[in-house]
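Lettering of chains follows the sequences in order, A, B, ..., and the numbering in each one begins at 1.
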2 protein chains.
Amino acid sequence: MARRNDHSRDELKTLTLAQSLKIAEKEGMAALTARRIANEIGYTPGTLYNIFGSMDGLYYEMNALTMQRLAETLSGSVQKAASGTPRDRIKAITNSYLNFARKNKHLWIMLFNTSFEHEPPDWYAEKIEGLFSPLEAIIAEIFSKIPKQKIKLLARTYWASIHGICYLEITRKGPLRKNLTAGEMTDELIERFFGQTD
Amino acid sequence: MARRNDHSRDELKTLTLAQSLKIAEKEGMAALTARRIANEIGYTPGTLYNIFGSMDGLYYEMNALTMQRLAETLSGSVQKAASGTPRDRIKAITNSYLNFARKNKHLWIMLFNTSFEHEPPDWYAEKIEGLFSPLEAIIAEIFSKIPKQKIKLLARTYWASIHGICYLEITRKGPLRKNLTAGEMTDELIERFFGQTD
DNA sequence: CATAAAAATGAACATTGTTCAATTTTCTTG
DNA sequence: CAAGAAAATTGAACAATGTTCATTTTTATG
């Protein structure tokens with residue numbers, strides 16, 4: 001059997017990704033096996049390899065969709081705070097990032113998984129790059145009359161810091177515990193990072 | 001054959017860990033298979049399970065040793081800068097962390113691996129906790145006359161931020177590229193985080 | 001309708017972590 | 001020192017994994 005009129009090529013790809021995301025978010029990345037996914041969409045493992053080339057290929061496409069959702073969430077939160085101060089928008093985008101990670105724990109962890117054996121596809125870097133342009137915009141607003149390169153440095157430094165705090169809470173790999181939530185830490189970071197700018 | 005006089009229980013454990021660390025640092029965690037390790041120390045996979053219970057058990061013990069080395073490196077760097085200002089010591093411990101991660105890339109990544117299926121042993125949390133007491137001491141010095149709880153918050157916030165920056169550079173999972181090194185970012189973070197304290 | 005192209009299959013392969021009965025070595029005890 | 005108990009080591013087996021690919025089946029084409 002082949003090219004069963006059930007699904008076009010694109011439909012099949014979409015279907016596979018949707019089911020994979022469902023499994024991963026519920027049960028974590030370890031539950032994502034070729035046989036299980038194939039079985040749940042009514043195909044066989046070989047078909048997955050026709051579409052994605054490898055499991056890593058599938059993972060990268062899943063991550064692209066997660067990044068897309070994250071990007072929309074982030075810029076949405078900034079828009080909502082459009083009438084507030086730049087500081088309000090910083091807080092909004094920060095909390096938005098934190099909430100997204102908490103609500104999509106397994107998918108968020110997948111974004112930073114280090115055990116892929118294949119290199120990411122070419123389009124992957126741009127997806128990452130585009131994620132935090134809203135943050136750059138806010139920071140450019142706060143630190144006006146500053147070189148573009150410095151804005152980039154500040155934005156990345158701030159985001160990496162937030163990410164570290166988030167990573168700590170989500171994975172429990174660092175010395176967190178004892179009533180210290182990521183929210184308290186991000187508040188503290190904002191205070192110190194943007195403190196002199198008021 | 002059993003209990004071959006070749007090695008005592010402890011020697012065998014040490015030997016296994018040493019060889020595992022060697023493999024992991026050279027070729028990454030994916031190269032760490034039970035059969036390969038066993039083969040390279042002249043035993044069989046079953047023996048590894050007698051000692052460590054599971055592969056995760058081995059990983060956790062490897063990580064404990066890596067943390068030990070890291071802890072010594074960090075406090076060593078602080079001692080070297082003992083005659084300088086607190087800010088000098090912050091810079092020293094930060095660079096020390098960054099350098100350790102760069103020089104022990106694979107082992108450092110292993111510390112933050114999220115794919116363990118077994119829970120960490122009880123003693124594991126303390127090992128993590130103990131890692132950054134030197135940092136707390138310095139921060140307590142900088143922010144004198146501040147509640148102990150606030151010191152802890154500041155220390156963890158700062159460390160998580162550094163960790164995020166480091167994670168970004170090492171794993172290349174975030175928007176780094178374009179001449180932006182982790183060193184520039186940590187310098188910027190120190191500037192903003194401890195800026196008002198001079 | 002026949003032939004070519006594409007898609008889907010399913011069996012096979014090499015590896016993996018893990019288990020465990022059997023075997024071999026060491027320890028203990030009389 | 002001998003014999004039985006205890007401990008350590010083995011090696012074969014198991015289920016599961018990612019991946020490949022010749023074969024089969026379906027669709028498209030002339």
[X] [atom1] to [N] [atom2]: how many Å, rounded?
X	N	atom1	atom2	result
A:N39	C:dA8	CG	C1'	15 Å
B:I37	C:dT16	CD1	P	11 Å
A:H118	D:dG18	NE2	P	12 Å
A:L32	D:dT19	CG	P	13 Å
A:D10	C:dA7	CG	C1'	15 Å
A:H7	D:dT26	NE2	P	16 Å
A:L12	D:dT26	CG	P	16 Å
A:L15	C:dA8	CG	C1'	15 Å

Ring pair (Phe, Tyr, Trp, His ring centres under 6.0 Å) for A:H118 and A:Y60? Distances and angles first, verdict last. CA-CA 10 Å; A:H118 301 70; A:Y60 282 125; 8.3 Å; no
May I ask you to decide whether B:E25 forms a salt bridge with B:K105, counting only side-chain N to carboxylate O separations under 4.0 Å?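 No salt bridge links B:E25 with B:K105.
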Taking A:E126 for the side chain and A:W123 for the main chain, is one N or O donor matched with an acceptor at less than 3.5 Å?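 No: the side chain of A:E126 does not pair with the backbone of A:W123.
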Is atom CD of B:E72 surrounded by more than 12 heavy atoms (other residues, nucleotides or ligands) closer than 6.0 Å?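 It does: B:E72 CD has more than 12 such atoms within range.
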Residue B:Q79 excluded, over 12 heavy atoms near CD under 6.0 Å: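 Open.
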Base, sugar-phosphate alone, or nothing: which one does B:R35 contact when heavy atoms must sit under 4.0 Å apart?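 Base contact - B:R35 has a heavy atom under 4.0 Å of at least one base atom.
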Using a heavy-atom distance cut-off of less than 4.0 Å, which residues of residues 42-61 of chain B contact DNA chain C?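 B:Y49, B:S54, B:M55 - these, ordered by number, are the residues of the stretch whose heavy atoms sit under 4.0 Å from the strand.
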Tell me if the aromatic rings of A:F194 and A:Y158 count as close, with their centers under 6.0 Å from one another.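 So the answer is yes for these two rings.
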